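These numbers come from a predicted model, not from an experiment. Numbered from 1 within each chain, the chains take letters A, B, ... in sequence-line order.
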2 protein chains.
Amino acid sequence: MARAATTTDAFNAVAEPRRRQILDLLAQGERPVNDLVAMLGLAQPQVSKHLRVLREVDLVRVRDEGRQRLYRLNAEPLRPIHDWLRKYEQSWNARFDLLDTVLAELKEEEPDGTD
Amino acid sequence: MARAATTTDAFNAVAEPRRRQILDLLAQGERPVNDLVAMLGLAQPQVSKHLRVLREVDLVRVRDEGRQRLYRLNAEPLRPIHDWLRKYEQSWNARFDLLDTVLAELKEEEPDGTD
DNA sequence: TTGACGTATTCCGTTATGGGTATACGATTC
DNA sequence: GAATCGTATACCCATAACGGAATACGTCAA
């Protein structure tokens, strides 16, 4: 088995910096492909390919406007990522550096208080 | 060029479900490899390999304890992901479904009000 | 219709993943 | 020193990513 497809989920789709950049751009509003091409400094086919991936995980939606295709953001698939990260928030918000791990360990299990 | 290495950053490292699972387990406290092996139902070498990736992006730290290696979580590299997601939070927290895109578009640019 | 534009798709090559299996290494015990 | 445990590494395979280049659409203009 190889690495999971980029179109498997938002986690994989968003691992690619360019794709994140595209989302960042689309966060400002709907854009035709060529706008993105210009802004990203990438070749048009690559942009279309990245958009395809984003489309397949439903991170972007398209709307046909004449000969242009206007892409817009749909952030909802990012939610699971955010939700998953949520439980780790405290780890960097506090000075838990190693203390929190120790504490968590103590109250979770390791019932053998064998130091 | 191929896909960015899994060890490039937390984004890539965490795109793999198994690796997320490992972090989830380590969130509960330090664990030796074999514990993870048992909990994950994976072969030991695969677990070691995943741990290596996590180690390379500093998502886990190791501590030698006799013949065991105790791994523990270091969540900080997750922070950039969280930070990046932050700007999209409102997109799914409200009913901005397509309204927000339109609004953003209006106030950002597209100075030609040609509709 | 022909042509230009905007975008998507196909084909290529390089790279590395992730699982499987075997094995190497260090530490401990006998 | 030998056997054993706990873990890491090496090797193999199948898969697919990403960029580049060429090209195939569909739409609009002359």
Side-chain angles (χ1 to χ4, degrees), chain A residues 1-23 25-26 30-72 110 114, chain B residues 1-23 25-26 30-57 59-72 110 112 114:
Chain A
M1 195 180 286
R3 217 207 282 207
T6 52
T7 52
T8 300
D9 52 32
F11 276 99
N12 283 280
V14 157
E16 167 70 339
R18 311 294 197 163
R19 240 128 44 196
R20 256 174 280 150
Q21 249 185 299
I22 290 179
L23 293 182
L25 290 174
L26 293 180
E30 226 176 16
R31 301 269 184 207
V33 178
N34 268 345
D35 269 30
L36 299 173
V37 169
M39 295 167 129
L40 294 167
L42 278 182
Q44 175 268 312
Q46 329 305 333
V47 175
S48 280
K49 280 187 265 185
H50 282 312
L51 286 170
R52 194 190 200 318
V53 172
L54 293 173
R55 198 161 162 32
E56 287 195 40
V57 295
D58 198 34
L59 272 169
V60 299
R61 303 264 173 83
V62 209
R63 178 165 75 86
D64 284 43
E65 175 103 359
R67 63 204 156 182
Q68 296 190 304
R69 309 201 84 191
L70 301 182
Y71 280 84
R72 66 188 204 73
E110 300 303 41
T114 321
Chain B
M1 194 180 287
R3 216 206 286 206
T6 53
T7 52
T8 301
D9 52 31
F11 276 100
N12 283 280
V14 156
E16 167 72 341
R18 310 296 196 161
R19 259 161 347 228
R20 257 174 279 148
Q21 248 184 300
I22 290 179
L23 293 182
L25 291 173
L26 292 181
E30 227 176 16
R31 302 265 184 211
V33 178
N34 269 345
D35 268 30
L36 299 173
V37 169
M39 296 167 129
L40 294 168
L42 278 181
Q44 176 268 314
Q46 331 305 333
V47 175
S48 280
K49 280 187 265 185
H50 282 311
L51 286 170
R52 194 190 200 317
V53 172
L54 293 173
R55 197 159 162 34
E56 287 196 38
V57 295
L59 273 168
V60 300
R61 302 263 174 82
V62 209
R63 179 165 74 86
D64 284 41
E65 174 102 359
R67 65 208 154 179
Q68 296 190 303
R69 309 200 84 191
L70 302 181
Y71 280 84
R72 65 189 204 72
E110 299 303 41
D112 53 24
T114 322

OP1 or OP2 of [N] under 4.0 Å from side-chain N/O of [X]:
X       : N      : value
A:His50 : D:dA17 : no
A:Arg52 : C:dT9  : yes
A:Arg69 : C:dA8  : yes
A:Asn34 : C:dC5  : no
A:Tyr71 : C:dA8  : yes
B:Arg18 : C:dG19 : yes

Find the distance [X]:[atom1] to [N]:[atom2] and express it as a whole number of Å.
X       : N      : atom1 : atom2 : answer
A:Arg67 : D:dT27 : CZ    : C1'   : 7 Å
A:Arg3  : C:dG18 : CZ    : P     : 6 Å
B:Leu51 : D:dG6  : CG    : P     : 16 Å
A:Leu42 : C:dA8  : CG    : P     : 14 Å
A:Ile22 : D:dG19 : CD1   : C1'   : 14 Å
A:Leu40 : C:dT7  : CG    : P     : 13 Å
B:Lys49 : C:dT21 : NZ    : P     : 11 Å
B:Arg63 : C:dA27 : CZ    : P     : 16 Å

Practice item. Take B:Val33 and A:Gly66, find for each the nucleotide of DNA chain D with the closest heavy atom, and name the residue whose nucleotide sits nearer the 5' end. Key: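 Closer to the 5' end of DNA chain D: B:Val33.
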Review point. Of A:Ala4 and A:Ala43, whose nearest nucleotide on DNA chain D comes first from the 5' end?
Key: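 By nearest-heavy-atom nucleotide position, the 5'-most residue is A:Ala4.
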Is the backbone N or O of [Y] less than 3.5 Å from a side-chain atom of [X], with the two atoms forming a donor-acceptor pair by type?
X       : Y       : value
B:Arg19 : B:Ala13 : yes
A:Arg31 : A:Leu36 : no
A:Arg20 : A:Ala15 : yes

Name the nucleic acid region contacted by [X], choosing base, sugar-phosphate or nothing; use a 4.0 angstrom heavy-atom cut-off, strictly under.
X       : answer
B:Thr6  : sugar-phosphate
B:Gln68 : sugar-phosphate
A:Arg19 : sugar-phosphate

Check your understanding: Should the pair B:Arg63-B:Glu30 be classified as a salt bridge under the 4.0 Å nitrogen-to-oxygen rule?
Key ->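 The answer is yes: the pair qualifies as a salt bridge.
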Review point. Hey, is B:Glu56 close enough to B:Arg52 for a salt bridge, meaning N to O under 4.0 Å?
Key: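 Counted as a salt bridge, because a side-chain N and a carboxylate O are separated by less than 4.0 Å.
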**Study point:** Pair of N/O donor and acceptor under 3.5 Å linking C:dG20 base with B:Gln46 side chain
**Key:**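 When only heavy-atom distances are counted, B:Gln46 does reach the base of C:dG20 through a donor-acceptor pair under 3.5 Å.
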**Study point:** Side-chain donor/acceptor contact of A:Gln44 with base of C:dA8 under 3.5 Å
**Key:**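 Donor-acceptor pair under 3.5 Å: yes.
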Point to revise | Nearest to side-chain heavy atoms of B:Glu16, which nucleotide of C:dT7, C:dG18, C:dT17 | key: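 Taking heavy atoms from C-beta onward, the closest nucleotide is C:dG18.
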Exercise for review: Cation-pi check, A:Arg61 to A:Tyr71: give yes when NZ or CZ is under 6.0 Å from the six-membered ring centre and within 45° of the ring axis, no otherwise.
Suggested key: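 The answer is no, since A:Arg61 fails at least one limit relative to A:Tyr71.
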Exercise for review: Could you pick out which residue, B:Thr7 or B:Pro45, lies toward the 5' side of DNA chain C when each is mapped onto its nearest nucleotide?
Suggested key: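 It is B:Thr7, whose closest nucleotide lies nearer the 5' terminus.
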